[in-house]
Structures are given as structure tokens and as C-alpha cells.
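Shown next, in C-alpha cells, is the structure this report addresses.
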Amino acid sequence: MTFFRKYRWPLVIFMAAFFIRLVYLIQARSDPTFYFPMVDELWHLNWAREIIGGNFWGNEAYFRGPLYPYILALFLKITGQSLFWTRFLQIIIASLSAVLVLKLGEHTISKKAGIIAGFGYAVYGTLVFYETMLLIPVLFIFLNLLAVYFLSLAKEQNLFRWWFIAGLFLGLAAIARPNVLILIPFFLVWIYIIRRGHEKLKKLLTIAAIYAAGLLIPILSVTLRNYIVTGEAIMISSQGGVNIYIGNNPDAEGLTMLMPEVKLDESLPWNEFTRATRETAEKEAGHPLTAAEESSFWTRKAVDFVFHNPGKFISLIFKKTIYFLLGFENSDQTDIYQSRRYSSLYSLLIWKNVLYFPFGLLLPLGLIGMVIGWGKRKELALFYIFIIGYAPTVILFLVTARHRLPIVPFMLLFAAIAVLALIEIIKKKNWNKITIFGVALIVLLVFANRTYFDIGFENAFLTHFNLGITYERQGKLPQAEIEYRLAIEENPYSATGLNNLGVVMYHQGKLDQALEVLERAIKYDPNFADAYNNIGLVYEGRNNFPQAINYYRQAFVIDPKLYQSQMNIGDIHLTQKQYDQAEESYRRALEIAPEAPEIYFKLGGLYARMTRYDQAEQMYERGEQYGELSASDYVNRANIYYMTRRPDRAIETYRKAIAKDQSLPQAYFGLALTFDSYGYPKDSALVYLRRILAINPDFAPARELLRRLNNR
């Protein structure tokens with residue numbers, strides 16, 4: 001009880017934040033994307049899995065701040081790669097952030113302000129939404145709060161260790177999201193101002209050096225890693241240049257990723273974003289670029305845009321500043337407002353009827369609190385510095401709810417000041433101040449809860465399109481078709497939407513409908529190589545091989561990097577037993593994509609058919625360096641062992657195929673045939689033959705082998 005009395009409010013706020021997020025987490029499992037993340041979530045997840053899989057240091061300069069993917073990898077390792085329990089660990093961090101808001105409020109304003117702000121953090125809907133996603137904010141906000149908290153402790157106690165720890169946490173925040181580096185000079189000036197009357201110059205410089213040492217340890221560690229891997233002294237990541245250009249170019253509008261040189265829409269898979277921007281930069285530069293050179297290339301283009309279009313740039317910055325101040329939460333992953341359908345609790349924490357809650361209420365209260373708190377600006381300076389210093393990093397890039405989120409904890413602290421001030425003037429019945437407060441609040445509420453320019457719209461097309469992708473990845477093709485059709489209703493001219501709909505129809509055997517939809521896709525985008533390739537698949541499914549090859553070749557002409565079109569041509573030649581032509585096509589695909597494992601496996605299967613078993617094994621071994629075999633690939637490899645009289649290896653490999661796909665009759669038949677051919681007991685083969693016939697009673701080779709065994 002003594003412990004509880006001493007830490008009552010931190011415990012209460014931690015539990016409030018934790019249970020709200022836990023309930024949301026449980027309810028959000030009904031969201032199809034919960035176990036099938038997309039966009040940045042998928043990027044972080046794949047990166048973390050690479051770290052776990054053995055590629056710990058990576059092979060290139062970090063494209064973005066690396067800390068979160070490494071923390072995510074740790075969580076995945078702890079939880080056995082369970083996405084639910086990984087998200088569960090994240091809500092513990094989020095709940096600690098709520099406690100830090102409480103402590104900051106207590107330390108700098110008052111206990112009541114800390115409690116109000118802490119509870120505000122616990123129930124803030126946008127925080128709940130993003131802190132349970134596989135995204136940077138949950139870690140970044142926590143580290144920012146720690147950095148500011150220890151700075152406030154250092155100010156009061158002036159102990160070297162607090163200065164060092166404060167710098168260390170800001171350095172860690174920087175390797176999570178580098179734009180926080182903009183705050184460093186502001187914090188150093190703040191240190192100088194608050195200590196200049198208390199310390200001699202030598203000690204003041206010592207404090208600054210200790211703070212900088214803590215700051216630089218994590219940053220220089222990443223810089224050293226980048227130098228060792230690439231030979232370039234890239235401070236943290238190479239994303240900065242392209243980010244600046246995305247936010248400041250002739251097509252930029254401040255809400256979505258747009259640039260004239262690269263088609264940044266749903267047709268570009270997020271995992272190909274870095275490749276597309278690199279290739280575009282290299283094409284314009286006329287030579288290959290390193291990661292640092294590419295970042296500098298895009299930075300120069302952004303600077304050129306600003307200097308040659310000052311009026312347009314000023315207009316763009318003005319619009320983005322307005323966007324930054326509005327209550328509307330601009331989504332850039334899953335739609336924030338559409339996600340309310342998956343959680344009754346979340347639907348109470350965020351809405352946009354009359355009020356864009358919660359930011360539409362937080363901003364007016366926070367701004368009023370900043371005005372009221374100006375009298376205590378020395379005590380609150382760190383909060384002002386963070387909000388005012390951090391805001392430009394968002395405005396210069398894209399104004400999204402996720403990127404704006406780091407200022408929310410500090411706005412909550414200022415909002416608590418406003419709430420307490422309002423309560424106080426009401427108690428005193430100071431009608432003049434009540435009137436001024438009320439008028440200011442109403443004016444700011446009206447401003448923050450209206451829509452201006454292009455903000456405030458829902459992208460229903462993208463919501464249905466992303467759901468279609470999610471269902472398609474889950475193998476739920478009928479549901480995927482429904483979502484793609486709904487997406488097309490919203491945007492009938494989306495070539496990408498039509499293409500995806502056509503692919504889903506093709507996989508369901510609706511070849512005529514698929515062809516009609518895919519032909520509409522190339523009508524609206526005549527240079528859509530993937531659509532031509534998919535039309536080829538439809539014609540191949542109709543056994544119209546000449547027409548299929550014609551479309552595959554058209555796809556390759558449009559996009560010479562589309563190696564799948566060459567693989568598909570090779571598959572047709574393989575089906576027709578034209579082995580030399582098949583090899584030529586596969587080899588051409590391999591020249592385009594030397595790290596694509598499926599090409600090696602195709603060549604392995606081809607060489608096995610040609611009884612070139614040594615080459616076949618070589619292809620499988622090389623392919624395994626880049627990826628894992630599918631169940632059918634394991635069967636093809638096991639067949640090689642069977643044909644070259646290595647039954648033990650054959651049996652082991654057939655079993656790997658079964659572990660991948662327990663419904664694959666060829667794997668069971670291979671086992672039965674191996675047991676029969678190499679002198680194993682008759683019952684060994686019979687067991688697997690019966691399993692085959694249970695799966696597919698019409699599997700003729702199994703019935704024939706079973707007949708022979710029964711006649712012995």
C-alpha cells in the first residue's frame with residue numbers, strides 16, 4: 001500500500017493507457033490487415049525478419065533510421081514472430097510514454113496538469129491507432145519524451161549523468177527518425193541560456209560536451225556501420241534527399257507522396273520504391289549513383305525547385321502549414337477513420353462529425369495553453385522548443401497524422417494548462433477572462449474543424465484497393481474480387497485496380513472476364529507492362545500459346561526489367577518440350593534478375609527433365625542462396641535424387657515438400673515410388689499411396705502403383 005500510495009498516479013495512468021490499447025488490440029484483430037501488414041508496416045516487418053534471418057548488418061546504407069526495425073526484430077524473436085504479441089509489447093512502451101507525460105507535467109507545471117495530460121495521452125485515439133501498428137512513432141515518441149524528461153532533470157539537478165543520458169536518448173531518437181536532429185542546436189542554445197549565469201565557461205563547455213557525447217554515441221555507431229558496409233560516411237540514412245524532394249517538387253501537394261519523375265501510386269509496390277527512385281536518379285544523372293550521391297541528387301532537385309519556383313513553394317508551405325494546424329487526421333497507411341469499423345472502443349476515441357476529434361479539440365486548447373504558459377516560458381521552454389522546432393520537419397515533407405504525432409504529448413501538456421486555467425477562472429467567476437477564453441476557443445475550434453484546400457476527403461478507392469490486396473495475400477480470392485470491384489466503382493479508370501481485379505479473376509478460372517478487365521487496364525494505361533503480362537497468362541490458360549507469347553513480349557518491350565515475362569515464355573516452351581528455347585528464356589530472365597530464386601529453381605527443374613542432373617543441382621543450390629524452395633520445387637529436387645540413386649536424400653526432400661504443402665500428391669507419390677524402388681518394406685509405400693488417394697482418388701500413377709503392389 002505504501003508503494004501504491006507513492007506511485008498511485010503513474011500506476012493508474014499506465015494501466016489506463018495499457019488496457020485501452022489492449023482492448024483496441026483485441027478488437028482490431030478483425031481488421032484484415034492486422035496479420036497482413038502493408039506499406040511501411042510491411043517494410044519494417046520484412047526488414048526485421050531479415051535481421052532475424054541472419055542478415056543482421058545488411059548490405060547497403062540504411063535507407064531510413066534503423067532503430068525501430070532492430071527493436072521490432074527483438075520483439076519478433078521474443079514472441080516467436082507473433083504479430084499479436086509483438087504489438088502487445090509495443091503497447092507496454094506506449095503506456096510508459098503516458099507515464100512520462102504525467103512526470104513531465106508534474107515536474108514542470110503541476111501535479112494536476114500532469115494527471116490531465118497523462119490521461120489525455122492514455123485516451124488519445126490517434127496515438128492508440130499508431131502505437132499498435134508496426135511503425136516508428138511508438139518508439140520515437142517514447143525516446144523523445146525520455147530525452148526531454150532527462151533534460152528537465154538535468155536543469156534542476158545539474159548532474160553530469162543526466163546531461164549524458166538526455167543526449168543519449170535524443171541520439172537514439174535520431175537513429176529512429178533522423179528529422180529530430182533539427183532540435184539539437186535549439187537544445188544546445190537552451191543549455192547555454194539556463195546555465196550561463198551559474199557556470200564558468202569551462203564547466204558550461206563540459207556540460208555541452210557531455211550532452212553531445214551521449215548524443216553522438218548512437219549516431220556515430222550507425223555512421224560507422226554505414227561506412228564499413230558502403231565506404232560512405234552516411235550519418236544515419238540515405239532517405240533524406242528523396243523525402244525533401246517528395247515534399248517540395250512541381251507535383252507536390254503536401255498530403256500524399258507525389259513526384260513527376262516516378263509514378264508513386266498504387267501501381268508501385270512499396271518494396272520497389274527505393275529501386276524506382278534510384279533508377280530514376282541514375283537515368284537522369286547518366287551514371288550509377290551511390291546511396292549518398294542519390295540523396296544529394298534529390299536534395300539538389302528540391303533546392304532547384306525552391307529557387308526557380310519561389311511563389312509556388314511559398315504557396316505550398318502555406319497550404320501545408322494550414323494542414324498541420326487542422327483537426328483532420330490525414331492517413332498515409334490504413335485509413336484512420338475507416339478503421340473505426342473494427343473497434344467499438346476506437347470509434348469512441350476518434351471521429352470527424354462536427355469536431356475532428358481529438359486533434360480538432362487538442363489544437364485550440366494547446367494553443368491557448370501556449371499563450372497562458374508564456375509567463376512560465378523558462379520552465380516550459382523545452383515544450384515550446386520541441387513543438388516549434390519539430391513542426392517545420394513535417395511541413396517541409398508531408399503533413400500526415402503519423403508525422404504530426406510527436407508534437408501531441410507536448411500539446412497535451414499545454415492543453416492541461418488551458419483546462420486548469422479555465423477551471424480557475426470559472427471558480428473565481430471572472431467573466432471578462434471567461435469571455436476572452438470562450439471567444440478564443442470558439443474561433444480556434446471553428447478554424448481547426450473546417451476543411452481547406454484538398455484536405456478532409458476520404459480515399460474510398462484506396463481503402464477498398466488495399467483490402468483487396470490483403471484478401472488476395474490471404475488467398476481469399478472471392479473477397480478480394482469484391483473489394484477490387486468496389487475500388488473500381490470509386491475509380492473506374494484505375495489501370496492498377498483493373499489489373500489486380502483481372503489477376504484475381506484469372507486465378508479463379510474466370511478467363512473471359514479476366515481478359516475483358518485486363519484489356520480495359522491497358523486501354524487506360526497503354527504502357528502498363530504488368531497488365532500485358534497478365535493478359536499473356538490468360539491466353540496461356542486458354543492454351544493459345546502464340547498469343548500468350550505475343551503479350552509476354554509486349555510486356556518485356558515496355559519494361560525490360562519485367563523478368564517474369566521471360567519466365568512465362570520459358571514455361572510455355574517447357575510445356576511444349578522445347579527445352580532449348582525454355583533454357584534461353586530462363587537464362588534471359590536470370591540476366592535481368594540474378595537474385596530471383598524462382599528463376600534458378602525453374603532452370604533446376606528444366607535441367608532435371610533434360611537429365612543434366614549436375615547442372616540441375618547447381619541451380620537449386622544457387623537459388624537457395626536467395627530464397628526458399630516451394631513445395632513443388634522440393635519435389636523436383638527430390639526427383640533428381642531419386643533418378644541419381646540417392647534414396648535417403650530423395651526421401652528427406654520429399655518430406656520437406658510435404659511439410660510445405662500437405663495436399664501435394666506428387667510428394668507422397670515420390671515417397672511411395674522411392675520406397676518401392678529401393679527395397680524398403682512394402683507397407684512404407686502403401687501408407688503414402690493411401691494418403692494420395694485420400695487427397696485425390698483419381699491420381700492415376702498412384703492407383704497403378706497400388707495395383708502392382710497388391711498383386712505381388
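Note that the structure is predicted; figures quoted are calculated from it, not measured.
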Donor-acceptor pair, side chain of Ser152 and main chain of Tyr149, under 3.5 angstrom: yes
Contacts of Leu444 that satisfy side-chain contact (heavy atoms from CB on, under 4.5 Å) - sequence neighbours left out: Pro364, Leu367, Ile368
Qualifying residue for side-chain contact (heavy atoms from CB on, under 4.5 Å) with Leu255, from Asp332, Leu398, Asn330: Asn330
Ile109/Phe414 under side-chain contact (heavy atoms from CB on, under 4.5 Å): CA gap, chis, key distance, verdict: CA-CA 9 Å; Ile109 308 169; Phe414 281 117; over 6 Å; no
Arg29 vs Phe84 side-chain heavy atoms within contact, under 4.5 Å: yes
Cation-pi, Trp47 ring and Arg64 (6.0 angstrom, 45 degrees): no
Residue of the set Phe359, Tyr337, Tyr346, Phe357 for which ring-ring contact (aromatic ring centres under 6.0 Å, His included) holds with Trp351: Phe357
Glu253 vs Thr256, side chain to side chain donor-acceptor pair (under 3.5 Å): CA-CA, chis, key distance, verdict: CA-CA 7 Å; Glu253 36 82 287; Thr256 55; 3.2 Å; yes
Ring-ring centroid check Trp374 Tyr384, cutoff 6.0 Å: yes
Test of ring centre spacing under 6.0 Å for Phe164 and Tyr211: no
Check: Leu170 and Ile184 side chains under 4.5 Å, non-hydrogen atoms: yes
Check ion pair Glu106-Lys103 (N to O, under 4.0 angstrom): yes
Distance flag, aromatic centroids of Tyr124 and Phe119, threshold under 6.0 Å: no
Leu134 backbone acceptor or donor facing His44 side chain under 3.5 Å: yes
Candidate pair Ile234 and Tyr62, rule side-chain contact (heavy atoms from CB on, under 4.5 Å), full reasoning: CA-CA 9 Å; Ile234 297 170; Tyr62 291 133; over 6 Å; no
Atom pair CD1/CG of Ile52 and Leu74 - distance to nearest 0.5 Å: 8.5 Å
Chi angles and distances behind the side chain to side chain donor-acceptor pair (under 3.5 Å) call for Asn144, Tyr390: CA-CA 11 Å; Asn144 286 332; Tyr390 191 83; 5.8 Å; no
Step-by-step side-chain contact (heavy atoms from CB on, under 4.5 Å) determination, Leu380 to Ile417: CA-CA 11 Å; Leu380 303 175; Ile417 293 174; 3.7 Å; yes
Main-chain N/O of Ser344 paired to Gln27 side chain as donor or acceptor, under 3.5 Å: yes
Mutual orientation of the aromatic rings belonging to Phe129 and Tyr24 [parallel < 30°, tilted 30-60°, perpendicular > 60°]: tilted
Considering all heavy atoms, the nearest Thr393-Gly389 contact: CG2-O, 4.3 Å
By salt bridge (charged side-chain N to carboxylate O under 4.0 Å, His left out) - contacts of Glu424 (at least two apart): Lys428
4.5 Å side-chain heavy-atom contact, Ser347 and Tyr342: no
OH-CG distance between Tyr68 and Leu72, expressed to the nearest 0.5 angstrom: 4.5 Å
Spatial distance of atom CG (Leu168) from atom CD1 (Ile210) [nearest 0.5 Å]: 13.5 Å
Pair Asp335 + Arg341, salt bridge at N-O below 4.0 Å: no
Any Phe328 side-chain heavy atom under 4.5 Å of Asn449 side chain: no
Side-chain heavy-atom pair Lys429, Ile426 within 4.5 angstrom cut-off: no
Point-to-point distance, once rounded to the nearest 0.5 Å, from CZ of Phe324 to OG1 of Thr321: 9.0 Å
Minimum side-chain heavy-atom gap Tyr121-Leu102 below 4.5 Å: no
Derivation and outcome, side chain to side chain donor-acceptor pair (under 3.5 Å), residues Thr132 and Gln90: CA-CA 6 Å; Thr132 53; Gln90 288 195 176; over 6 Å; no
Expected output: side-chain Lys433 to main-chain Ile425 donor-acceptor under 3.5 Å: no
CA sep, side-chain torsions, deciding dist, call: Asn158, Ile207, side-chain contact (heavy atoms from CB on, under 4.5 Å): CA-CA 9 Å; Asn158 196 30; Ile207 290 171; 3.5 Å; yes
Ring center gap for Tyr70 and Phe75 short of 6.0 angstrom: no
From Thr33 atom OG1 to Glu41 atom CD, the distance as rounded to the nearest 0.5 Å: 6.5 Å
Sidechain N-carboxylate O distance under 4.0 Å for Arg404, Glu329: yes
Glu131 and Pro137, any side-chain heavy atoms less than 4.5 Å apart: no
Heavy-atom donor-acceptor pair, Asn248 side chain to Leu396 backbone, under 3.5 Å: yes
For the student: nearest non-hydrogen atoms of Ala252 and Gly247, plus distance: CB-O, 3.7 Å
Considering all heavy atoms, the nearest Ala418-Ile372 contact: CA-CD1, 4.2 Å
Side-chain heavy-atom pair Phe34, Arg87 within 4.5 angstrom cut-off: yes
Nearest-0.5 Å distance, CD1 of residue Ile175 to CD1 of residue Ile219: 8.0 Å
Derivation of the ring pair (Phe, Tyr, Trp, His ring centres under 6.0 Å) call for Phe318 and Tyr323: CA-CA 9 Å; Phe318 175 75; Tyr323 295 154; 9.6 Å; no
Worked verdict on Ser238 versus Ser295 for side chain to side chain donor-acceptor pair (under 3.5 Å): CA-CA 6 Å; Ser238 63; Ser295 184; over 6 Å; no
Ring centres under 6.0 angstrom apart (Phe437, Trp431): no
Pair listing, ring pair (Phe, Tyr, Trp, His ring centres under 6.0 Å) test, anchored in residues 165-196, at least two apart: Phe150-Phe169
